[in-house]
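Given the structure is predicted, the values throughout are model-derived calculations rather than measurements.
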Amino acid sequence: SLTMSSWTDAEVVALKRGGNDVARNTWLANAPPIGTGGRPREGDHVDVFKRFIVDVYERKRYYGEASANAVSVTAADPDPSPVVPAAKPRVKVPKKKKIQ
């Protein structure tokens with residue numbers, strides 16, 4: 001089954017502008033280079049990837065604050081100005097259920 005999250009339009013725009021880049025710069029801010037210090041590289045055993053994911057997201061081992069103004073500029077939206085979240089309307093986005 002799926003559960004739904006509610007997102008404002010401004011939150012969706014902010015994620016489109018810098019979501020993956022900001023997330024990467026935040027969660028992997030202090031991570032070692034790929035292939036060193038437990039950070040997996042292509043071809044490593046799946047258990048190496050699993051340990052790394054637990055270290056990154058559960059233990060926050062490499063976590064660091066991303067710049068408040070860090071955004072990604074795309075051809076579709078060349079305006080790099082930070083987005084100020086607005087209240088309502090909210091958009092429903094399905095969450096993936098954790099599979100064990």
Side-chain angles (χ1 to χ4, degrees):
S1 72
L2 292 175
T3 58
M4 302 293 277
S5 282
S6 295
W7 299 70
T8 66
D9 289 336
E11 289 169 328
V12 171
V13 171
L15 287 172
K16 286 181 180 179
R17 284 192 178 164
N20 287 337
D21 291 333
V22 171
R24 187 178 305 105
N25 291 333
T26 300
W27 290 98
L28 300 175
N30 301 302
I34 294 172
T36 65
R39 187 170 181 180
R41 65 175 170 263
E42 188 173 341
D44 281 349
H45 192 273
V46 68
D47 289 339
V48 176
F49 283 90
K50 287 179 180 179
R51 278 191 301 271
F52 183 72
I53 294 300
V54 168
D55 283 345
V56 170
Y57 298 109
E58 290 182 14
R59 296 187 181 121
K60 295 185 178 183
R61 183 173 178 186
Y62 310 111
Y63 189 87
E65 293 299 321
S67 168
N69 293 324
V71 294
S72 175
V73 178
T74 65
D77 185 11
D79 179 10
S81 58
V83 175
V84 177
K88 308 261 170 165
R90 298 188 78 74
V91 177
K92 293 281 187 178
V93 178
K95 284 185 184 177
K96 291 183 181 179
K97 183 177 180 182
K98 185 175 180 181
I99 300 174
Q100 304 231 4

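The environment of Asp47 atom CG is dense: over 12 non-hydrogen atoms of other residues, nucleotides or ligands sit within 6.0 angstrom.
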Verdict with reasoning, Leu15 to Glu11, per side chain to side chain contact (heavy atoms under 4.5 Å, CB included): CA-CA 6 Å; Leu15 287 172; Glu11 289 169 328; 5.5 Å; no

Under 3.5 Å, which donor-acceptor pairs link side chains of residues 30-37 to any protein atom two or more places apart or in another chain?
| unit_1 | atom_1 | unit_2 | atom_2 | d |
| --- | --- | --- | --- | --- |
| Asn30 | ND2 | Tyr63 | O | 3.0 |
| Thr36 | OG1 | Pro33 | O | 2.8 |

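In the hydrophobic clustering of this structure, Val48 does not group with Ile53; members are Ile, Leu, Val, Met, Phe, Trp, Tyr whose side-chain heavy atoms approach within less than 4.5 Å, directly or through other members. Hydrophobic clustering (side-chain heavy atoms under 4.5 Å, transitive across Ile, Leu, Val, Met, Phe, Trp, Tyr) keeps Val54 apart from Tyr62. Cluster annotation: Trp27 is connected to Phe52 through the hydrophobic network of ILVMFWY side chains, with a link wherever side-chain heavy atoms come within less than 4.5 Å.
With sequence neighbours excluded, no residue satisfies salt bridge (Lys or Arg N to Asp or Glu O under 4.0 Å) with Asp44. Arg41 meets the salt bridge (Lys or Arg N to Asp or Glu O under 4.0 Å) test with no other residue; sequence neighbours excluded.
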